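The structure presented is a predicted model; accordingly, all values stated were derived computationally and were not measured. In what follows, chains carry the letters A, B, and so on, assigned in the order in which the sequence lines appear, proteins first and then strands, with residues in each chain numbered from 1.
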Amino acid sequence: MSEEKSLNFIEEIIEKDIAEGIHEGRVHTRFPPEPNGYLHIGHSKAICLNFGLAKKYQGKCNLRFDDTNPEKEEVEYVDSIKEDIQWLGFRWDNEFYASDYFDKIYGFAVALIQKGLAYVDESSSEDMAKQKGTPTLAGTDSPYRNRSIEENLDLFTRMKNGEFADGTCVLRAKIDMKHDNMIMRDPVIYRIKHAEHHRTGNTWCIYPMYDFAHGQSDSIEEITHSICTLEFIPHRDLYNWCIQKLEIFPSRQYEFARLNMTYTLMSKRKLLMLVQQQFVEGWDDPRMPTISGFRRRGYTPESIREFCDKIGIAKRDNMIDISLLDFCLRDHLNKIALRRMAVLHPVKLIITNYEEGKTETLSAENNPEDENAGHRALTFGKELWIEREDFMENPSKKYFRLGPGLQVRLKHAYIIECTDFKKDADGTITEIHCKYFPESKSGNDQSGLKVKGTMHWLHCDTALQAEVRLYDRLFTVENPAAHDGDLQEILHPKSLEVISKAYIEPALAAAKQQDRFQFLRLGYFCVDKNSSSEKLIFNKTTGLKDSFAKVV
RNA sequence: UGCCUGAUGGUGUAAAGGUAGCACAGCAGUUUUUGGUACUGUUAGUCUUGGUUCGAAUCCAGGUCGGGUAACCA
């Protein structure tokens, strides 16, 4: 009866490795972000993969910051990355930094020089580019390629000691300038950067390149399965070359296809641009595809994990429909979000046959999906707010809401019938008059009336006010990454709409930051981080599935 | 143009030589005091050409198309 879920290709490799007793069947992964930006939804895929694999196979997963470029990295990013991973629900076994290993990595470089496998090159970067050749044209050796070991050792030591300015020389691995794989044409493995590092300060003025730090860090931590994205496939040759020449722990690299999602930008560089040019409020702007943005928007970690599980792991390029993320979100929120009523675009409704000044307390369930969620009290009276969209002067037959002579149910209250309405000079509806049917009271309906529509409402005298922020997609095109021109050209002009005076029900007064609700018939909303008891602010997380919208 | 990769409905992802399945999206319907939820039904797919085989999405050969790759970034 237990349905076996099929394995993805990495799980297959791992299970094979375990079966063969490689590394005593141990599984140790790592998540290796560079702290040069905030984590986005694409990183969630890698996080769920790496931490998920460790969990599934009773292994370990390290968090390791790939901090080898001091010019781009900052502690703010380190902190945000840690917060985001934890929020997603994962705990790392070790918190490491590539910069922890600078001494060891330096030692690896010296070892390579001593084996005659690395040399200091004073060619300019232009010359080095020429030496590289092209995909079809073999490269040529640098004039500095055959320096003696002693000279290389001396030069490299002086590089470390700060005797040279940035860019004067680099350390290169001595591999093969005619290699089919361009990466293997004597790659740079150390460069000079007189820059302060966020952790090592001014201790170093030379820093290893990715290819001479990442794999080495994997080895030092005895990572068994080093999982990265497809664009690192050509680097695997070098990864393995270093392990072999240095005779260090043989971690293995495996590559999977990164996440692409419709209407979403995944480039950290471009996201940084949105922040710097203030097209959004910051990295955690609810429109951003960052983990912190989704958090502020009201997404749940459960829904993001479920999404990552559903999209699968494979090697072919993909473009996931963002509606799948939406589905996972709604699916979870539907189960956990308390129901409340709010009126975003209010118009007054007067119940003409309801006694002036009278009120009634009604009971409303907090969540029909959850018996244990309990009930709350609602006040009903003569004057109510309803949604402007819920009234039409000349409704079509498919319109199940209010219009002259039409009947609807007010949720948790009575059935009403529209008897009259008022307009101002511009034709804007200013007031709707209805009569109610006292015997149609919710839960005890004796009226025998049948209506097609049910509407949300708020009692004028007791409703509270709040700011509500409505979000739409940030980009107008399905694949913003493919857009060549200015980002501004494809930015959705109405990605944010602020409703400064929306009405909400009194039960929402005590709502705290990050609390999530379903505003009946409107969608899911969560309390913004800048919300206060004086001024409540709600972010729209996502709408409800709306099958009526398509009819219109 | 070299090297590396990949190709299954609109989008993802399974099927390890034996009935092409699942999810999202779409469409239609049932239920409903949320035009929500739930439930039911349904449309739609193996890049191509050959070969091996009783039998091919799967194995082999050629082709086509897509992606990556020529940073002192990661």
Which distance, rounded to the nearest 0.5 Å, do you find between the [atom1] of [X] and the [atom2] of [Y]?
X	Y	atom1	atom2	value
A:Met128	A:Arg185	CE	CZ	13.0 Å
A:Glu11	A:Ser6	CD	OG	8.5 Å
A:Glu387	A:Leu458	CD	CG	9.5 Å

>> Assuming nearest nucleotide by heavy-atom distance, tell me which of A:Val188 and A:Ala413 is located more 5' along RNA chain B.
In response: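 Final value for this comparison: A:Ala413.
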> Want to settle it: does A:Lys45 or A:Lys132 sit nearer the 5' end of RNA chain B, counting the closest nucleotide to each?
Replying inline: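 Closer to the 5' end of RNA chain B: A:Lys45.
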> Is a side-chain N or O of A:Arg158 found less than 3.5 angstrom from the main chain of A:Gly162, in a donor-acceptor match?
Replying inline: no
base_contact_polar ([N] base, [X] side chain, donor-acceptor, <3.5 Å):
X	N	result
A:Thr454	B:rU34	no
A:Gln518	B:rU34	yes
A:Glu255	B:rG68	no
A:Arg330	B:rU37	no
A:His179	B:rA70	no

Can a side chain N or O of [X] be found less than 4.0 Å away from OP1 or OP2 on [N]?
X	N	value
A:Lys193	B:rC73	yes
A:Thr68	B:rA74	yes
A:Thr134	B:rG2	no
A:Arg191	B:rA74	yes
A:Arg316	B:rG12	no
A:Arg521	B:rG36	no
A:Arg401	B:rG35	no

Using atom [atom1] of [X] as one end and atom [atom2] of [N] as the other, report the distance to the nearest whole Å.
X	N	atom1	atom2	answer
A:Phe232	B:rA70	CZ	P	11 Å
A:Met261	B:rC24	CE	P	17 Å
A:Ile189	B:rC73	CD1	P	14 Å
A:Asn334	B:rU37	CG	P	7 Å
A:Gln253	B:rU69	CD	C1'	14 Å
A:Lys315	B:rU13	NZ	P	13 Å

Using the [atom1] atoms only, state how far [M] lies from [N], rounded to an integer number of Å.
N	M	atom1	answer
B:rG45	B:rA14	C1'	13 Å
B:rG21	B:rU32	C1'	32 Å
B:rG35	B:rU46	C1'	39 Å
B:rA44	B:rC54	P	33 Å

Mate of [N] where both pairing distances stay under 3.5 Å, Watson-Crick or G-U:
N	answer
B:rU33	none
B:rA71	none
B:rC22	B:rG12
B:rA61	B:rU49

> Once the angle between the rings of A:Phe232 and A:Tyr210 is folded into 0 to 90°, is it parallel (under 30°), tilted (30 to 60°) or perpendicular (over 60°)?
Replying inline: tilted
With heavy atoms under 4.0 Å as the rule, sort [X] into base, sugar-phosphate or nothing.
X	result
A:Tyr399	base
A:Phe400	base
A:Ile183	nothing
A:Leu520	base

> Are A:Phe548 and B:rG35 stacked, counting the six-membered base ring, centres under 5.5 Å, planes under 30°?
Replying inline: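 According to the criterion (under 5.5 Å, under 30°), yes, A:Phe548 stacks.
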